[in-house]
> 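Okay, here's the structure, questions in a sec.
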Amino acid sequence: MTSSVNHSTSMTTRDLCLAAVMTAVVFLATFVPRIPIPLGYAHLGDAAIFLMVLFLGRRETLIAACFGSALSDLLGGFPLWIVPTIIIKFFMADIAWRVIRPDMKQSGAVRLLAGFLIASAWMAAAYTLFGALLYDSLASGLASAPGLIAEGVLNSIIAVVAAGILKKTPLEQKN
């Protein structure tokens, strides 16, 4: 009897474990270095997500980005933000993936930075919009924008620098 499971779309045990470990990495990078900003906090979780875009599969990256960030909202006292965070981080990781990964071998620091900054711009705009909707005030949403923009720029720079360091390791040879 043959299996009807399409192996190209199913997750292996290795993929599942990798996604779980990377979810924990995103959670820790998001939860531990929390810097208060209006309506939330800035963190280094996006740099971890950006590095996953470079070194992991798309599915594992999207799972870790969504659920690691949402878990930080849950345990950090921001449960109202769980659903918006899942949506925002999914598209943030996907934007970075689509800008950078199609031509990964030709991706230099400029392309990486551009992909990360475009994804960060999405993140800042989306959190600002959701903040305005959740708190029924455009002023409330806009209050978080400067912190979110700074967070995006900082995470993008950190990810480019870390990627340059990691490309000199055996990790890069697997891509």
> Sequence neighbours left out, what pairs pass salt bridge (Lys or Arg N to Asp or Glu O under 4.0 Å) with at least one residue falling in residues 77-88?
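Non-adjacent pairs meeting salt bridge (Lys or Arg N to Asp or Glu O under 4.0 Å): zero.
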> Which pairs count as salt bridge (Lys or Arg N to Asp or Glu O under 4.0 Å) when at least one residue sits in residues 115-139, sequence neighbours excluded?
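Pairs touching residues 115-139 that pass the test: none.
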> Determine the minimum heavy-atom distance between Leu51 and Ala163, stating which atoms define it.
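Shortest heavy-atom separation between Leu51 and Ala163 comes out as CD2-N, 3.7 Å.
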> Donor-acceptor pair, distance only, cut-off 3.5 Å: does the side chain of Thr61 make one with the backbone of Met52?
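Yes; at least one donor-acceptor contact below 3.5 Å.
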> Cluster partners of Leu133, using ILVMFWY side-chain heavy atoms under 4.5 angstrom, listed by chain and number?
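Members besides Leu133, by chain and number: Leu129.
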> Could you tell me which non-hydrogen atom of Ala93 sits nearest to which non-hydrogen atom of Ile49, and how far apart they are?
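Closest heavy-atom pair between Ala93 and Ile49: CB-CG2, 3.9 Å.
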> Check whether Asp15 reaches the backbone of Arg59 with its side chain - one donor and one acceptor, N or O, closer than 3.5 Å.
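No: the side chain of Asp15 does not pair with the backbone of Arg59.
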> Who clusters with Leu154? Use side-chain heavy atoms, under 4.5 angstrom, across I, L, V, M, F, W and Y, and order the result by chain and number.
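Leu154 clusters with Leu44, Ile158.
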> Return the orientation label for the Tyr135 and Trp81 ring planes: parallel under 30°, perpendicular over 60°, tilted otherwise.
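It falls in the tilted class, 30° to 60°.
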> Once side-chain hydrogen bond (donor to acceptor under 3.5 Å, both in side chains) is applied, do any residues pair with Trp97, and if so which ones, sequence neighbours excluded?
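Trp97 satisfies side-chain hydrogen bond (donor to acceptor under 3.5 Å, both in side chains) with no other residue.
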> Under the side-chain contact (heavy atoms from CB on, under 4.5 Å) criterion, do Phe116 and Asn155 qualify, and how do the steps go?
CA-CA 8 Å; Phe116 296 156; Asn155 275 286; over 6 Å; no
> Is there side-chain contact between Leu54 and Leu112, with heavy atoms separated by less than 4.5 Å?
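Of all side-chain heavy-atom pairs linking Leu112 with Leu54, at least one is under 4.5 Å.
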> Measure across Arg101 and Leu56 and return the closest heavy-atom pair with its distance rounded to 0.1 Å.
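In this case the closest contact between Arg101 and Leu56 is NH1-O, 3.3 Å.
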> Say you draw a straight line from CE of Met92 to OG1 of Thr85; how long is it, rounded to the nearest 0.5 Å?
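Met92 CE to Thr85 OG1: 10.5 Å, rounded to 0.5 Å.
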> Hey, could you give me each pair passing side-chain hydrogen bond (donor to acceptor under 3.5 Å, both in side chains) that has a residue in residues 32-41? Not counting sequence neighbours.
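Sorted result for residues 32-41: Tyr41-Ser72, Tyr41-Asp73.
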